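The sequence lines fix the lettering, A, B, ..., with proteins before strands; numbering per chain opens at 1. If you're wondering where the values come from, they're calculated on a predicted model, not measured in any experiment.
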Number of protein chains: 6
Amino acid sequence: MFQHIKDLQFDARVSRPDPRFANLLLEQFGGGNGELKAAMQYFVQAFGCRRAYPDKYDLLMDIATEEFSHLEIVGATITMLLDGVNSEIKDAAEGNLVAQMGNGSAKKNHVIAMAMDNPKFLLESAGGPLVTDSVGVPWTGVFVNSNGDLTVDLRSNIGAETRAKIVYERLLEFTDDPYVQDSLRFLMTREIAHFQQFSAALSTIEPNFPPGAMQGDLRFTHTYFNMSPSEDARGPWNKGKGPWEAGEKWEYVEDAVAQVEETKGQADKAIEGHERNEKTVHKIERDLAKQRSAEVTTPKNGEFAWSRYTESSAANE
Amino acid sequence: MFQHIKDLQFDARVSRPDPRFANLLLEQFGGGNGELKAAMQYFVQAFGCRRAYPDKYDLLMDIATEEFSHLEIVGATITMLLDGVNSEIKDAAEGNLVAQMGNGSAKKNHVIAMAMDNPKFLLESAGGPLVTDSVGVPWTGVFVNSNGDLTVDLRSNIGAETRAKIVYERLLEFTDDPYVQDSLRFLMTREIAHFQQFSAALSTIEPNFPPGAMQGDLRFTHTYFNMSPSEDARGPWNKGKGPWEAGEKWEYVEDAVAQVEETKGQADKAIEGHERNEKTVHKIERDLAKQRSAEVTTPKNGEFAWSRYTESSAANE
Amino acid sequence: MFQHIKDLQFDARVSRPDPRFANLLLEQFGGGNGELKAAMQYFVQAFGCRRAYPDKYDLLMDIATEEFSHLEIVGATITMLLDGVNSEIKDAAEGNLVAQMGNGSAKKNHVIAMAMDNPKFLLESAGGPLVTDSVGVPWTGVFVNSNGDLTVDLRSNIGAETRAKIVYERLLEFTDDPYVQDSLRFLMTREIAHFQQFSAALSTIEPNFPPGAMQGDLRFTHTYFNMSPSEDARGPWNKGKGPWEAGEKWEYVEDAVAQVEETKGQADKAIEGHERNEKTVHKIERDLAKQRSAEVTTPKNGEFAWSRYTESSAANE
Amino acid sequence: MFQHIKDLQFDARVSRPDPRFANLLLEQFGGGNGELKAAMQYFVQAFGCRRAYPDKYDLLMDIATEEFSHLEIVGATITMLLDGVNSEIKDAAEGNLVAQMGNGSAKKNHVIAMAMDNPKFLLESAGGPLVTDSVGVPWTGVFVNSNGDLTVDLRSNIGAETRAKIVYERLLEFTDDPYVQDSLRFLMTREIAHFQQFSAALSTIEPNFPPGAMQGDLRFTHTYFNMSPSEDARGPWNKGKGPWEAGEKWEYVEDAVAQVEETKGQADKAIEGHERNEKTVHKIERDLAKQRSAEVTTPKNGEFAWSRYTESSAANE
Amino acid sequence: MFQHIKDLQFDARVSRPDPRFANLLLEQFGGGNGELKAAMQYFVQAFGCRRAYPDKYDLLMDIATEEFSHLEIVGATITMLLDGVNSEIKDAAEGNLVAQMGNGSAKKNHVIAMAMDNPKFLLESAGGPLVTDSVGVPWTGVFVNSNGDLTVDLRSNIGAETRAKIVYERLLEFTDDPYVQDSLRFLMTREIAHFQQFSAALSTIEPNFPPGAMQGDLRFTHTYFNMSPSEDARGPWNKGKGPWEAGEKWEYVEDAVAQVEETKGQADKAIEGHERNEKTVHKIERDLAKQRSAEVTTPKNGEFAWSRYTESSAANE
Amino acid sequence: MFQHIKDLQFDARVSRPDPRFANLLLEQFGGGNGELKAAMQYFVQAFGCRRAYPDKYDLLMDIATEEFSHLEIVGATITMLLDGVNSEIKDAAEGNLVAQMGNGSAKKNHVIAMAMDNPKFLLESAGGPLVTDSVGVPWTGVFVNSNGDLTVDLRSNIGAETRAKIVYERLLEFTDDPYVQDSLRFLMTREIAHFQQFSAALSTIEPNFPPGAMQGDLRFTHTYFNMSPSEDARGPWNKGKGPWEAGEKWEYVEDAVAQVEETKGQADKAIEGHERNEKTVHKIERDLAKQRSAEVTTPKNGEFAWSRYTESSAANE
């Protein structure tokens with residue numbers, strides 16, 4: 001369960017209202033790389049790994065809860081940046097904001113600018129955050145990647161944290177309010193910390209690649225198809241030994257179209273560039289499948305419970 | 001900020017896995033009347049009313065936090081109902097779940113049924129909740145109604161709680177697992193309690209209708225247009241005095257099409273059925289606008305802060 | 001069936017084109033609290049209650065049809081506000097609107113302003129409404145709440161009408177065109193009237209809360225969990241007798257986290273604060289289920305028809 | 001404005017409930033080629049062409065209104081096909097629908113089948129239509145094509161009607177209820193009629209292609225790029241004279257990749273295959289732009305009104 | 001399979017950066033009538049007709065591939081129009097773009113203008129295209145019409161090409177950069193050419209209307225319902241012989257509401273206006289169904305393959 | 001530009017139709033971790049890095065093109081798995097598929113099963129792929145992560161490839177058709193190869209973390225907040241030295257709520273656990289900003305072109 005504490009995790013303040021920046025900041029409230037996305041992604045992932053990886057369950061819940069707390073910081077900052085907008089709107093009579101649209105008064109900056117930049121923000125919320133991104137597109141569950149395999153999920157999180165970091169960096173360029181900068185830098189820094197935490201957690205699971213149990217078809221794991229020929233670049237991604245275990249090296253297919261004809265649609269493709277064989281691979285697959293299945297194995301009847309209060313949970317049927 | 005407690009608010013358990021019901025239950029995890037919608041709606045509303053209505057801010061945060069805790073109960077129950085699915089999938093070799101598709105073994109009920117009912121649930125999450133409804137449509141910020149006027153928001157919440165209640169009632173009909181029934185009944189009951197809490201809170205704000213400051217055009221507030229003539233019904237919604245202050249009564253327009261011609265598109269429409277006049281109304285509007293604007297008035301410079309730690313928040317520019 | 005009359009229900013006019021306000025007004029054409037949402041919500045609700053509540057079916061169809069008529073008023077107003085834009089676009093040669101982007105000519109206000117505020121509006125529709133909100137996000141069926149229980153649906157409508165009202169109030173602040181103000185005030189006023197109509201209709205159904213047949217678990221209907229402790233507020237929503245029947249009163253859980261431990265996840269929670277017992281409640285549930293089911297009971301074979309033309313509808317199988 | 005008549009345009013009936021077919025039929029209620037899409041598309045298009053093409057405005061409003069009437073037929077049919085479901089749900093106690101899940105009783109076909117095929121349909125609406133397609137995906141404004149050019153819009157409509165027709169044809173294969181077949185065949189036939197009506201209307205506008213005023217670059221209007229070489233097909237779409245005015249014929253680029261190199265990215269591409277020249281084309285463009293702009297030209301001040309009631313609409317500024 | 005060639009099909013250039021126009025141009029990258037929609041629509045349609053219409057399969061793949069190549073031209077142009085934005089962002093320290101917001105420097109035009117017009121574009125992509133339209137709404141599979149009947153699909157394509165053409169025409173009015181104009185005119189022209197190609201292809205399929213096999217109910221194929229009476233227009237769409245085969249003519253129902261009553265909901269409607277009878281029609285249906293089914297008939301076992309490499313494809317079970 | 005080759009990159013075949021598996025396989029055509037998502041993600045990323053990292057541009061275009069080729073393999077497989085469905089539908093008369101719904105004939109498996117599992121798939125496409133996932137939810141541009149910073153994008157790709165891999169692994173468990181298994185294993189293996197390629201490419205960029213130029217606030221980069229206290233786990237993610245440069249180590253905040261009070265909302269938080277200081281950090285930031293900005297610096301006038309054909313691109317103004 002959750003408990004709410006009325007203090008923010010970071011003492012967010014603003015020097016003055018700034019509805020335009022409030023609008024930009026919505027990107028981190030309801031946008032694709034924002035705090036709600038992060039919070040929900042880690043929260044949802046936690047359910048699936050609670051039995052197999054209780055330590056990672058704790059990690060995911062710690063960070064998910066921190067992200068919910070950051071969502072509150074972002075929402076509070078948006079609300080403070082809109083201070084005045086709500087008041088102006090509530091005091092307006094018919095049409096009396098219009099006269100200000102044609103002049104450059106300071107007041108105009110509050111309500112009118114907001115109406116023009118993001119009319120939905122003004123008309124629908126009038127001074128609080130919306131569950132949308134900075135252009136008014138609603139948050140969607142599509143943002144959340146949770147795939148029931150912890151090595152997959154942790155890599156999704158590593159990618160997510162880098163995206164969140166770069167968006168905060170760009171936001172920082174658009175405000176010179178030192179209070180807001182402090183809050184943004186705190187939030188940006190935490191993405192860096194979380195990245196490191198997820199990376200460290202991933203390193204404790206072995207093997208962690210490929211995810212799941214099935215290994216690749218040995219004919220294609222080390223092949224690079226040159227699908228955009230001319231001005232070709234070579235590097236460690238298609239030349240020399242790959243970034244993995246010894247004895248394997250990249251196979252470079254110079255002309256991917258011709259190769260299809262030569263191999264009759266890969267039917268005649270030979271295994272090249274590494275030393276594993278199918279037998280070895282199948283053994284790895286069987287062992288991994290067994291091991292990973294056991295981690296999440298069905299409990300004996302009467303143990304389907306979540307909290308510690310369940311002393312004896314024999315179903316009362 | 002939030003803190004997570006590892007115990008669930010309600011000691012949710014299940015008697016046995018039931019992937020089909022897990023799928024139905026997704027409706028209350030990521031569906032339009034589910035727990036995430038409720039939690040986010042109250043959480044977002046709270047920002048806007050924190051200064052004007054600190055007591056309602058406390059109320060909204062109490063209930064928002066409870067809904068996040070309920071989201072966890074729903075997610076934990078879905079995960080327990082899927083116990084076994086994750087294990088079966090992780091242990092499967094290529095194609096070995098297929099053989100079971102044609103027979104009626106118990107095992108088939110786990111993975112195969114799930115694959116057929118909601119393939120995305122199986123393929124993408126493999127044993128944990130998704131941020132979607134029961135047919136796999138992603139949660140969307142569109143679900144959240146937060147409009148920066150507390151009398152509007154509380155009425156949105158009253159509607160939301162009734163919808164959540166009826167969905168739990170229907171879910172209860174589709175499980176005979178007594179543990180799951182207990183959890184669902186707890187969750188359903190809390191929607192009833194929240195409804196009462198929001199209704200009581202609304203009653204403390206006066207006037208609470210219409211929302212905002214502007215009153216209606218006196219020619220049209222008490223008019224009922226009969227747009228679907230024949231088999232007409234009359235009742236307190238279009239006959240007698242309306243449900244509001246004394247001295248007013250419904251005006252029934254028998255033939256709405258003819259009325260448009262007679263009134264030249266309402267231009268010649270007279271005021272009928274009540275005793276207020278425009279002057280009275282404008283005074284109400286001015287007073288309300290003033291009052292409501294003052295409630296959220298911009299603080300003097302140096303007071304834009306959220307937490308109690310801000311002793312002196314003069315901007316450090 | 002529907003019939004279209006070429007006159008508008010309200011004789012909408014505009015004093016001059018105003019593409020920026022046209023853009024704002026889109027919020028009530030294709031936005032979440034706009035006319036299409038209202039029309040479709042009441043129209044869809046009507047199907048389900050046609051047999052059980054023919055009087056409410058008439059009410060819902062009257063208001064749904066009025067909302068479709070209001071949608072036309074909004075669309076016509078948007079089109080008039082864009083008068084000139086369409087003409088300018090159709091007369092433009094390559095690039096000839098660009099020269100105007102850098103100066104302040106009156107003409108610039110038409111096309112250019114629109115291109116900058118909502119490019120999709122300009123590029124895709126060039127002078128007519130779009131089925132989107134004011135920032136170009138498409139209308140979605142998610143907006144429509146229709147749940148097959150009339151007490152739920154009427155409360156959803158009460159919430160919807162208050163939201164529509166406040167959005168019209170805010171729109172009114174952004175135009176000083178007296179013609180447009182007249183139309184908006186008419187539309188805003190009708191939301192007030194519909195609110196009263198739905199409230200009155202709800203009051204004729206008894207009991208109307210909770211919706212459905214199932215009553216709450218008596219241990220939790222009157223409990224208030226203090227999930228955000230500190231700066232706690234007390235009021236009729238968590239103190240004293242609740243807003244419902246006599247003999248019951250709020251139970252306030254001061255520390256919701258401690259309470260979970262004390263009650264072992266609610267398992268040991270006692271019934272407090274009211275006088276009903278489980279037996280009474282179950283009788284209410286059985287009676288209500290019977291009554292409400294009967295209202296919508298399946299007709300005898302040969303009666304599955306909608307219109308009055310069906311004299312004898314014995315299925316021709 | 002609209003008026004609702006309580007009779008359906010077609011006396012829709014059903015022989016017996018059939019929740020599974022009700023689910024399929026949702027595709028034409030809230031799906032991408034369904035009745036709401038058609039109704040809204042023609043309704044929205046009508047606004048933009050009301051002044052320039054009053055005859056087409058009448059046509060679009062006639063058909064839009066018919067489609068709204070068809071939406072009602074589809075909704076009524078879905079509701080009748082669900083007769084019994086609503087009743088069963090309202091009468092259910094906790095878990096009592098579950099026992100039926102394992103046997104083949106007739107009753108099971110109603111509620112249980114529906115819960116499995118489209119759980120959202122059951123849990124959220126319980127017996128009425130949803131504004132979604134047959135898999136529960138919400139209707140979206142994206143479905144509506146309205147582009148402010150009547151020759152474009154009429155062609156969008158011709159495409160839309162063919163799609164609606166084929167979906168009805170497929171639906172007809174999945175019901176043997178003669179009443180439902182009658183209704184579906186009526187609805188399918190009307191799509192055929194509307195197709196003919198839109199085609200005939202398009203033929204009265206000359207020229208009707210290309211839409212707008214700008215003509216194509218003469219180097220590329222008649223060129224066919226062979227982008228998927230091998231197994232090439234030749235036909236009137238890339239060989240001989242094209243389907244347009246005399247003196248022009250297709251230019252076939254055998255090897256599109258080589259052509260880019262030869263023409264330096266089209267820079268050296270010559271005009272081939274037709275007799276028009278740039279001068280002729282520019283004159284056409286100028287004339288068309290002038291003509292089409294005039295059709296929608298801005299009225300003199302004081303004429304911005306929609307209905308016939310406006311005798312003198314001098315703005316009261 | 002596809003191959004990428006690093007040259008663009010058209011040598012796109014820009015004279016200078018123009019972030020505002022880049023934003024408008026997004027409409028043709030990720031918008032509803034843009035290049036990705038076209039490419040995906042034809043690509044997806046191609047799968048279904050590969051066996052029945054190999055010549056149309058070639059046509060669809062040629063044009064789909066050209067549209068992917070056009071998508072690249074649009075994306076490259078957007079990127080070039082943003083040249084400078086990316087650099088400015090990467091060089092910015094905290095808050096240093098803000099100082100420029102209040103003055104009219106040229107630099108301001110780059111980053112700041114973009115931040116205000118489409119903040120998501122700036123914050124998320126910082127200099128490359130997004131898979132959204134010009135207001136930041138994500139591309140959706142809803143755009144793609146592919147219905148498994150080639151006469152339907154080709155008509156969908158004809159509509160799609162006209163919409164794409166008019167959007168390019170409007171875009172052309174907003175840039176005076178001759179390089180960008182050249183590229184846009186090329187792209188616009190190709191929509192004209194594709195329109196002609198799809199039209200020509202449709203004409204080779206006979207009969208091509210109605211799509212599918214089922215013919216209309218003879219009572220309703222030639223009827224025009226006057227649903228919006230008054231100011232009625234008559235033309236070839238509701239008067240005289242229709243645009244189809246000899247011997248048929250339009251039946252005009254003056255008062256559609258009265259007609260429903262007179263015909264008892266169409267039950268007593270007679271066949272009028274043409275010479276075909278039900279027997280003729282059923283024969284057409286049977287023949288067409290047989291013919292069209294044969295075109296796509298299931299191959300004998302062992303022939304389920306796609307490429308030419310399959311010499312003998314007896315399943316290796 | 002692209003060229004299409006009619007052979008598939010892999011000679012995909014199927015042993016027999018299997019509409020149910022076709023439905024599951026849609027997940028990799030139009031789902032969130034499917035081939036279209038991958039293709040579009042790498043294609044869109046490529047634009048932004050073409051000038052700064054031409055070698056990575058080549059890499060991204062190679063892999064994007066391969067993913068488009070894989071999309072074709074998936075689409076072709078779905079089409080072959082549906083062989084027969086299209087034919088049955090085209091040959092059906094009204095209602096004649098219904099009779100098969102109650103028996104267990106082989107034919108039933110084709111059309112009827114598909115209608116029940118995914119009605120939209122059947123009704124709308126009738127035998128070809130849809131641009132949706134396995135439950136009919138449309139593909140969305142939201143899937144695509146492209147953020148204009150190559151170290152961010154490559155990490156997004158690493159996450160994306162692992163997700164795609166695990167989905168193929170799960171699909172492999174649901175088919176025993178050896179041909180389909182071969183194709184799926186090829187596709188799954190390529191995700192493994194792409195993962196390695198992206199990882200290797202990332203390793204060539206130094207520094208590659210954090211992305212952008214701004215470094216973290218030294219007070220928070222190494223802090224772990226224990227937000228879900230009790231049952232706490234310790235590991236390399238919150239204990240000992242972190243996974244980064246020497247001299248730094250994790251700071252563990254045991255009670256995150258108390259810490260907020262102690263530090264007055266972080267205001268009094270000290271730097272702990274590492275050796276860098278603010279001065280060092282700012283130098284890093286300045287250097288990185290300069291370097292990264294230079295990589296994408298604006299070309300001199302006359303160089304805004306994409307293809308090699310531009311010998312002299314002085315703008316012709």
Side-chain angles (χ1 to χ4, degrees), chain B residues 5 7-11 32 55 58-59 61-62 65-66 140 142 145 147 149 152 155-156 158-159 162-163 165-166 169 185-186 189-190 192-193 196-197 199-201 203-204 210-212 214 216-217 220-221 223 225-228 231-233 235-237 242-244 257 260 264-267, chain C residues 5 7-11 32 55 58-59 61-62 65-66 140 142 145 147 149 152 155-156 158-159 162-163 165-166 169 172 185-186 189-190 192-193 196-197 199-201 204 210-212 214 216-217 220-221 223 225-228 231-233 235-237 242-244 257 260 264-267:
Chain B
I5 292 93
D7 293 316
L8 298 176
Q9 193 196 4
F10 188 92
D11 182 23
D55 55 342
D58 182 52
L59 169 72
M61 275 304 191
D62 280 336
T65 308
E66 190 179 346
T140 161
V142 170
N145 290 306
N147 294 86
D149 181 293
V152 171
R155 284 193 174 91
S156 292
I158 288 168
T162 57
R163 294 195 293 274
K165 194 272 177 188
I166 199 77
E169 173 161 340
R185 199 169 261 269
F186 169 74
T189 301
R190 296 307 298 155
I192 296 175
Q196 304 284 27
Q197 291 160 6
S199 296
S203 71
T204 68
M214 293 189 200
D217 181 323
F220 305 115
T221 50
T223 311
F225 292 107
N226 184 27
M227 309 290 283
S228 175
E231 306 174 37
D232 296 327
W237 55 86
W244 56 90
V257 174
V260 167
K264 294 197 175 166
Q266 312 300 340
Chain C
I5 291 92
D7 294 315
L8 298 176
Q9 195 196 1
F10 187 91
D11 181 24
D55 55 344
D58 182 50
L59 169 73
M61 275 304 190
D62 280 335
T65 308
E66 190 179 347
T140 161
V142 168
N145 289 306
N147 294 86
D149 181 295
V152 171
R155 284 193 175 90
S156 291
I158 287 168
T162 57
R163 293 195 296 272
K165 194 273 177 188
I166 199 75
E169 173 162 340
L172 269 163
R185 200 169 261 268
F186 169 74
T189 302
R190 296 307 300 156
I192 297 174
Q196 303 284 29
Q197 291 159 7
S199 295
T204 67
M214 292 188 200
D217 182 323
F220 305 114
T221 51
T223 311
F225 291 107
N226 184 27
M227 309 291 283
S228 175
E231 307 172 36
D232 297 326
W237 55 86
W244 56 92
V257 174
V260 167
K264 295 196 174 168
Q266 312 300 338

Exercise for review: Check whether B:Thr223 gets within reach of chain C through its side chain, its backbone, both or neither, counting any heavy atom under 4.5 Å.
Suggested key: both
Practice item. Heavy-atom pairs under 4.5 Å with chain C are the metric here; pick the option from B:Thr140, B:Asn145, B:Thr65 that has the most. Key: B:Asn145
**Study point:** Under 4.5 Å from any heavy atom of chain C - which part of B:Ser156
**Key:** both
**Study point:** Residue selection (most heavy-atom pairs with chain C, distance under 4.5 Å) from B:Asp62, B:Thr162, B:Val142
**Key:** B:Asp62
Practice item. Give the member of C:Pro211, C:Pro210, C:Gly212, C:Ala201 that has the highest number of heavy-atom pairs under 4.5 Å with chain B. Key: C:Pro211
Review point. With side chains defined as the heavy atoms from C-beta onward, is the minimum distance between B:Trp237 and C:Gln196 less than 4.5 Å?
Key: no
Exercise for review: Give a yes or no answer on whether the side chain of C:Lys165 reaches the backbone of B:Met214 with a donor-acceptor pair at less than 3.5 Å.
Suggested key: yes
Exercise for review: Identify the two heavy atoms, one from C:Arg190 and one from B:Phe220, that lie closest to each other, and give their separation to 0.1 Å.
Suggested key: NH1-O, 2.8 Å
**Study point:** Value rounded to 0.5 Å, distance of CG in C:Asp58 from CE in B:Met227
**Key:** 12.5 Å
Practice item. Taking all heavy atoms of C:Ala193 and all of B:Thr221, pick out the closest pair and write down the distance. Key: CB-O, 3.5 Å
Exercise for review: Below 4.5 Å from any heavy atom of chain C, which atoms of B:Ala267 appear? Answer side chain, backbone, both or neither.
Suggested key: neither
Point to revise | Per-residue contact mode, C:Ile5 against chain B (heavy atom under 4.5 angstrom) | key: side chain
**Study point:** Which of C:Gly32, C:Gly159, C:Gly216 touches chain B most, by non-hydrogen pairs under 4.5 Å
**Key:** C:Gly216
**Study point:** Max heavy-atom pair count under 4.5 Å with chain B, selected residue of C:Gln266, C:Gln9, C:Arg185, C:Glu169
**Key:** C:Glu169
Point to revise | Contact summary for C:Pro236 and B:Ala200, nearest pair of heavy atoms | key: O-CB, 3.5 Å
Practice item. Find the distance between CZ (C:Phe10) and NZ (B:Lys264) and round it off to the nearest 0.5 Å. Key: 14.5 Å
Study note, to complete from the structure: d(B:Met61 CE, C:Asp232 CG) to nearest 0.5 Å is 13.5 Å
Review point. At what distance, to the nearest 0.5 angstrom, does CG of B:Asn147 lie from CD1 of C:Ile166?
Key: 8.0 Å
Check your understanding: Any side-chain heavy atom of C:Arg155 within less than 4.5 Å of one from B:Arg163?
Key -> no
